[in-house]
Protein chains: 2
Amino acid sequence: MGRIRMTDVARAAGVSPATVSYVLSGKRPISEATRKRVRRIIDELGYRPNHDARALKSTRSKTIGVLASDFTEISVSEIILSIEQIACQNEYHIFFVSGMEFDYDVKEALAFLMRRRLDGVIILFGVTSDQPVGTIGEIDIPLVSINRPASEAHPCILPDNYNGGYRAAEHLLSAGCTRVGLVTGPKERFSSRERARGFLACLKDSGRRFPRKLQYAGDFEYDSGAAGLERLLEVNPDMDGLFCANDMMAAGAVTAAGRLGVVVPERLKIIGFDNRDFSGLWPTPFSTLDAPFEEMGRASVNTLLSMIDGNTRETGITYIKATLVPRRSTSH
Amino acid sequence: MGRIRMTDVARAAGVSPATVSYVLSGKRPISEATRKRVRRIIDELGYRPNHDARALKSTRSKTIGVLASDFTEISVSEIILSIEQIACQNEYHIFFVSGMEFDYDVKEALAFLMRRRLDGVIILFGVTSDQPVGTIGEIDIPLVSINRPASEAHPCILPDNYNGGYRAAEHLLSAGCTRVGLVTGPKERFSSRERARGFLACLKDSGRRFPRKLQYAGDFEYDSGAAGLERLLEVNPDMDGLFCANDMMAAGAVTAAGRLGVVVPERLKIIGFDNRDFSGLWPTPFSTLDAPFEEMGRASVNTLLSMIDGNTRETGITYIKATLVPRRSTSH
DNA sequence: TTGTATGCGTTATCAC
DNA sequence: GTGATAACGCATACAA
């Protein structure tokens, strides 16, 4: 651990520590000769500036903290990836903590993050766990949350599930469906409710009525998709379009349709939500909405950086739209 | 920012900074009275120790760096999760960097990590990208790599693909198959080669010959699984068992079998590798080997910690075995 | 263009 | 039991 310090470099180069510091930061003019010499010594000695000392001195660590609940969720890890990408382009680094580490006590986790001189924090809530936000405590550094509002005072990035649901309906209608059904996710989930709400709104806007018997209450799991399809078809034999509020259920529905001999898409068109990796590979590849993970990550970093650098006081919710991915399950 | 310092607490409590420090660390006896008072003031003022100053002083940051190539890969994020879990239990934290941040220049990334006073580093290579290791440069802190040996001098955790392939064959044979086929992954991939090697070794050990025409060269993608199945069945109409070197190909194979009217598992048993989330949901759920991500994470942290704390000089490769997950595709 | 001196917030080594 | 005080490695105001 006996590391080489700036003093060592200075001595070896026959200059003062300050000079070495300035060579590194470029914050004041240095003669070409000394710069070259110092640089050479730095390489020779393998000197690495000590980050802790720097941070201690400058109060700007150039790193942002990311607190993620469960990043086993594919969505979460994709968002993190995008966060890192953008952060990196702006010469920021990521200090990462999973909520698990703090038993999902957000306040505690943030307190921990505050000890590091982080320039800002992004809280990334999971979508599958409806973990409560809880109080976030007193936070005096820039903070942005994703997937769930952290507090009134902090900006939040959300996927536009409402719009996605709306577009799903639009897509089915424009594909010629006249009697469309809906398999919802769990009522407790915000995303689930929003998707359904958007879907129904579109039907209403296009002047259709939607009988209750065309709706089935699923739970986002595969089996409920299959069960939903069977039940809906039983009650509405002429149903010709179906929106499942996520891809897991859509997969179940497509498979169940096959079992019943209901040909997709000829007799029934099906669309899901999430664009999971298996959706395009399914025996009948099915249409879906691609959740805007990458853009959500980008948006979060951008607003965070503008809070840090621009010193602005951003706030409010930003919705990011999903992308429609049409596949065989809804083709004419 | 981290406004309140130890000095402030000390002044408010009418004691010296040193006392506050010792209250916090418990490294020397403090009278019950002062301890209580100091603690109260700390809470009242909301004091948080400054991590940078601590690290600067003590040379032990209690955090380990994790350098991951592409953690969009589900395997990678699962390993990270497990790493964090174990690290956390030992009161270590994670400083996380993705290789992308450094254009996958491992040396550069490590140099960056070295600037933080990290107590150790885990390099987590992706499985899908066959990114070269490159030189890792001079590393004077404990280092463990996962998925690929970083250098002779550093310990490495690998999944036991050979054993997995072996067990896949065993499983097919014990399920009664007599003419088993193999769809390999790309030759360039170490994991792919190992899986095939283990598979063939088992056949050999059990005294069977394996004609070349029962092997098809896939590429780990869905389509090659389907193509492989069709081709193999064409040449060997009596093939009754098939090992696909990953689940993606197994999915393709299962679907293709359905298309051809070859009933799985009655006429043909199929097994994959990876235990992807869709494997158990596939119209015909298929057997597979569950890659030992969690255990790999645990192993990496454990050996790293024993290097850090025990100051031991671990080395060599540790193979972690996969778990067999039997499903309908191979049932009797 | 370069050097000197001071302090960032802790911990640890002395003293008392 | 407790209090001064010197580092830790660096950045920068102030000198030269």
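In what follows, every chain begins at residue 1, and chains take the letters A, B, ... in the order their sequences are listed.
Between the CZ atom of A:R54 and the C1' atom of D:dT12 there is a distance of 13 Å, given to the nearest Å. A:D52 has its CG atom 12 Å from the P atom of D:dA11, to the nearest Å. In this structure, NE2 of B:H51 is placed 12 Å from C1' of C:dT10, rounded to the nearest angstrom. Distance A:L56 CG to C:dG7 P: 14 Å, rounded to the nearest Å. Taking atom CG of A:N50 as the reference point, atom C1' of D:dG9 lies 6 Å away to the nearest angstrom.
Under the salt bridge (Lys or Arg N to Asp or Glu O under 4.0 Å) criterion, B:K36 pairs with B:E32, sequence neighbours left out. Among residues two or more places apart in sequence or in another chain, the side chain to side chain contact (heavy atoms under 4.5 Å, CB included) test is passed with A:E152 by none. Judged as a salt bridge (Lys or Arg N to Asp or Glu O under 4.0 Å), and not counting sequence neighbours, the contacts of A:R40 are A:E44. Contacts of A:R39 classified as salt bridge (Lys or Arg N to Asp or Glu O under 4.0 Å), with partners at least two apart in sequence or in another chain: none. In this view, A:K321 and A:D160 satisfy the salt bridge (Lys or Arg N to Asp or Glu O under 4.0 Å) rule, not counting sequence neighbours. Residues satisfying the side chain to side chain contact (heavy atoms under 4.5 Å, CB included) criterion with B:A153, sequence neighbours excluded, are B:S151. For B:A322, the side chain to side chain contact (heavy atoms under 4.5 Å, CB included) partners two or more places apart in sequence, or in a different chain, are B:F273, B:L289, B:P292.
Taking the C1' atoms of five terminal pairs at each end of the helix from C:dT1-D:dA16 to C:dC16-D:dG1, the two resulting helix axes are inclined by 40°, rounded to 10°.
The closest side-chain heavy-atom distance from A:I94 to A:I80 is not below 4.5 Å. Residues A:N161 and A:R189 form no side-chain contact, since every pair of their non-hydrogen atoms from C-beta on lies 4.5 Å or further apart.
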Side-chain donor-acceptor pairs under 3.5 Å in residues 294-303 of chain A, sequence neighbours left out?
unit_1	atom_1	unit_2	atom_2	d
A:S300	OG	A:G297	O	2.7
A:N302	ND2	A:R298	O	3.4

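Shown for residues 22-45 of chain B: residues whose heavy atoms fall under 4.0 angstrom of DNA chain C, namely B:Y22, B:K27, B:R28. Using a 4.0 Å cutoff on non-hydrogen atoms, the parts of residues 7-19 of chain B near DNA chain C are B:A18, ordered by number.
Contact annotation: B:R5 side-chain N/O to C:dT10 OP1/OP2 distance is not under 4.0 Å.
Side-chain N/O atoms of A:K57 and base N/O atoms of C:dG7 include a donor-acceptor pair closer than 3.5 Å.
Residue pairs satisfying the salt bridge (charged side-chain N to carboxylate O under 4.0 Å, His left out) criterion with at least one member in residues 8-27 of chain B, sequence neighbours excluded, are listed as follows: B:R5-B:D8, B:D8-B:R11.
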